[in-house]
Amino acid sequence: MSARYITTTLPYVNADPHLGHALEFVEADFLARTLRVQNTEVFFNIGTDEHGAKVAQKAKEEGKDPHAYVDEYAKRFKAFADQLDISYDSFIRTTDPVHIAAAQAFWARCFDAGDIYKASYKVKYCTGCELEKTDSELTQGRCLLHPNLNIESREEENYYFRFSKYQEALLAHYAKQQDFVMPEERMRELTSFVTAGLKDFSVSRRREKLAWGVPVPNDPEQVMYVWFDALVNYVSAIGWPQNEQRFLKWWPVTQLAGKDNLRQQAAMWQAMLLSAGFPFSRNIFIHGFITSGGQKMSKSLGNVIHPLELVEKYGVDAVRYVLLRHVSHVEDSDLTLTAIHEHYTAHLANGLGNLVARVMTLAEQHFPAPIELGPEEASIEPLFLEKIEEFRFNEAMDIIFEHVNKGDVYMTERTPYKKIKSENKSEQEEAKKDIEKLVRHLAKIAVHLTFAMPSTADSILNAVRSNKKPTNLFPRI
RNA sequence: CGCGGGGUAGAGGAGAGGUACCUCGGGAGGCUCAUAACCUCCAGACGCCGGUUCAAUUCCGGCCCCCGCAACCA
């Protein structure tokens, strides 16, 4: 029995869970569930990233103590995962004491390797906001809120991580393991980024400015910059450093991340691993963003799609279905409420739900007892599993839904509903065979749906096992 | 010359050196087991300009347009 470790990127808790989080959770869950049936022991990690300036600031805005604030958000994200039926084995919080200890131990390793050093750090500061600004927060070197003020440059002593040292090693690894990052477009982008040269990055902040972080070992003046702390969750979640055995059992990890996280996960984090003396991650899948109506979702545009509202309206499995089948595994994908509704109606109500209804109606009427299922119905198509392992989730889903269509075609061509009423005995027998075949076909579809749409799969299998037409699986809305 | 991606029927997507596929929508027919569902057939497309090739929408070059990213946005 082999072991596989899968993790999502921890969402930062400065905002509520959104459709992008749902996408990543569901993709990871799909993969985890399929691996579990392939004689593989799976450890599936999710969690929340809770330190840093933005969180401290948000907590202040809401008039809360940071601890209370992050507790609230961690609860919200966990509930979110539960409502999406995510089969996670671990929900790590970067404020967990074990994680904090791990971050410090990891830091110490990098420090001992000579990769963490102190240097002067320049920040851009807006005196109007009384806040540090990053380049992306500035437009033409100016703060948007205070365009008439000059941005000041301030300096302070911070710790740096020797990222530049690992350029060659990273490039060598990318060349050696070409599917380290998937899809390959992302690998190209990453390679060109690293080839262009790496600059050491700052990994701490002065404590007096930012108390909401992990204290740097042996320096009470400094706390870790949230990046450094957060990335370590991938090893702290599996027990490092206090349980070396457990760590060795699960590492290396398969990571899922958004395209905005490519560098951090596939370059920075990998360099940190190297510095601390760990093997690289196993592989990293980078997904795109979900847009709506061709634009980024934003409150001001009013095009935000709230995943939990979708769950309420269409059901969890329908939401999981849309995210797995109608979202590109490579590029950004557009989803609108209309499109979601259309997918639901066309493929779930008219397609899958209707097929189950028509087949089970015939079965219930013409068979006195349920059909015994055999090993054939329980087996899973290898191609289906391969697609998922290659992160081609939508193609895997296509395979299942082709079978739904085949069922409908078979029904039309063989007309068992007509032959079963025939006076002719042999026609009746033929019809019975056809119905049985269709019932087995349904069972097979259900088995394949276990991973993407667990409760739907259960409903179908229950219907087959009890020889009873279920209530509408996907009512028209 | 900053980096990467993209422009395919009315809409949204997939694809590949040689009959361009899917979903929704439109048109015609069929079926009646089913959630007014299902099946069949038809109409309709490869941004622009060059090049390579027997053959390009697919490869190469140029142009136009769109979208991300541009490192501490966590």
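To find a chain, count down the sequence lines: A is the first, B the second, and so on, and within it residues start at 1.
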In whole angstrom, give me the gap between the [atom1] atoms of [N] and [M].
N: rC63(B); M: rA43(B); atom1: P; value: 39 Å
N: rA74(B); M: rG5(B); atom1: C1'; value: 25 Å
N: rG10(B); M: rG51(B); atom1: P; value: 29 Å
N: rA9(B); M: rC48(B); atom1: P; value: 11 Å
N: rC22(B); M: rG44(B); atom1: P; value: 16 Å
N: rG62(B); M: rG26(B); atom1: P; value: 44 Å
N: rU40(B); M: rA45(B); atom1: P; value: 23 Å
N: rA55(B); M: rA16(B); atom1: C1'; value: 14 Å

Determine the contact category for [X]: base if any of its heavy atoms lies under 4.0 Å from a base atom, sugar-phosphate if only primed atoms, P, OP1 or OP2 are that close, otherwise nothing.
X: D260(A); value: base
X: G197(A); value: base
X: I435(A); value: nothing
X: T338(A); value: nothing
X: H347(A); value: sugar-phosphate
X: G353(A); value: base
X: N233(A); value: nothing
X: R476(A); value: base
X: A349(A); value: base
X: K419(A); value: nothing
X: D408(A); value: sugar-phosphate

Between [Y] and [X], is there a side-chain donor-acceptor contact under 3.5 Å, judged purely by atom types and distance?
X: Y234(A); Y: Q265(A); result: yes
X: T291(A); Y: D334(A); result: yes
X: S204(A); Y: R207(A); result: no

Centre-to-centre under 6.0 Å for W269(A) and Y166(A), is that the case here?
no

Centroid-to-centroid, H326(A) to Y321(A), below 6.0 Å?
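When the ring centroids of H326(A) and Y321(A) are compared, they turn out to be within the sub-6.0 Å range.
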
Just wondering, are more than 12 heavy atoms of other shown residues or ligands nearer than 6.0 Å to CD in Q177(A)?
yes

Would you find more than 12 non-hydrogen atoms of other residues, nucleotides or ligands less than 6.0 Å from K64(A) atom NZ?
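More than 12 within 6.0 Å, yes.
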
Among [options], which nucleotide has an atom closest to any side-chain atom of [X]?
X: R358(A); options: rU40(B), rC38(B), rU35(B); result: rC38(B)
X: Y12(A); options: rG68(B), rA74(B), rU35(B); result: rA74(B)
X: K418(A); options: rC31(B), rC39(B), rA37(B); result: rC31(B)
X: M411(A); options: rC69(B), rU35(B), rC33(B); result: rC33(B)
X: N350(A); options: rA37(B), rA71(B), rC3(B); result: rA37(B)
X: N405(A); options: rA34(B), rA71(B), rC39(B); result: rC39(B)
X: S202(A); options: rC72(B), rC39(B), rU23(B); result: rC72(B)
X: Y225(A); options: rA71(B), rC72(B), rC38(B); result: rC72(B)

Rounded interatomic separation in angstrom, taking [atom1] from [X] and [atom2] from [N]:
X: R325(A); N: rA14(B); atom1: CZ; atom2: P; answer: 13 Å
X: I420(A); N: rC31(B); atom1: CD1; atom2: C1'; answer: 18 Å
X: Q264(A); N: rA71(B); atom1: CD; atom2: C1'; answer: 7 Å
X: E413(A); N: rC31(B); atom1: CD; atom2: P; answer: 15 Å
X: F289(A); N: rG68(B); atom1: CZ; atom2: P; answer: 10 Å
X: L352(A); N: rC38(B); atom1: CG; atom2: P; answer: 12 Å
X: L362(A); N: rC38(B); atom1: CG; atom2: C1'; answer: 13 Å
X: L190(A); N: rG68(B); atom1: CG; atom2: P; answer: 21 Å

Hey, are the side chains of [X] and [Y] touching, using non-hydrogen atoms and a 4.5 Å cut-off?
X: L348(A); Y: M453(A); result: yes
X: Y88(A); Y: T8(A); result: no
X: V464(A); Y: V439(A); result: yes
X: S281(A); Y: Q255(A); result: yes

Tell me the partner of [N], counting only Watson-Crick (N1-N3 plus N6-O4 or O6-N4) or G-U wobble (N1-O2 and O6-N3) with both under 3.5 Å; none if nothing fits.
N: rG12(B); answer: rC22(B)
N: rC41(B); answer: rG27(B)
N: rC48(B); answer: rG62(B)
N: rU53(B); answer: none
N: rC72(B); answer: none

Using a cutoff of under 3.5 Å, can you pull out all pairs of nitrogen or oxygen atoms linking the protein to nucleotides 8-11 of chain B, with atom names and distances?
none

[N], OP1 or OP2 - any side-chain N/O from [X] closer than 4.0 Å?
X: K259(A); N: rC67(B); answer: no
X: K421(A); N: rC33(B); answer: yes
X: R188(A); N: rG5(B); answer: yes

If you round to the nearest 0.5 Å, how far is CG of N233(A) from CG of N45(A)?
5.5 Å

For Y417(A) and rC33(B), is the gap between ring centres under 5.5 Å while the planes differ by less than 30°?
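According to the criterion (under 5.5 Å, under 30°), yes, Y417(A) stacks.
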
Does N261(A) make a side-chain donor-acceptor contact with the base of rA74(B), cut-off 3.5 Å?
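Flag set: donor-acceptor pair detected.
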
Let me spell it out: for each of S333(A) and W227(A), pick the nucleotide of RNA chain B with the closest heavy atom. Which residue's pick is nearer the 5' end?
S333(A)

On RNA chain B, does the nearest nucleotide to K199(A) precede the nearest nucleotide to E395(A) from the 5' side, or the other way round? Give the residue.
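The 5'-side residue here is E395(A).
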
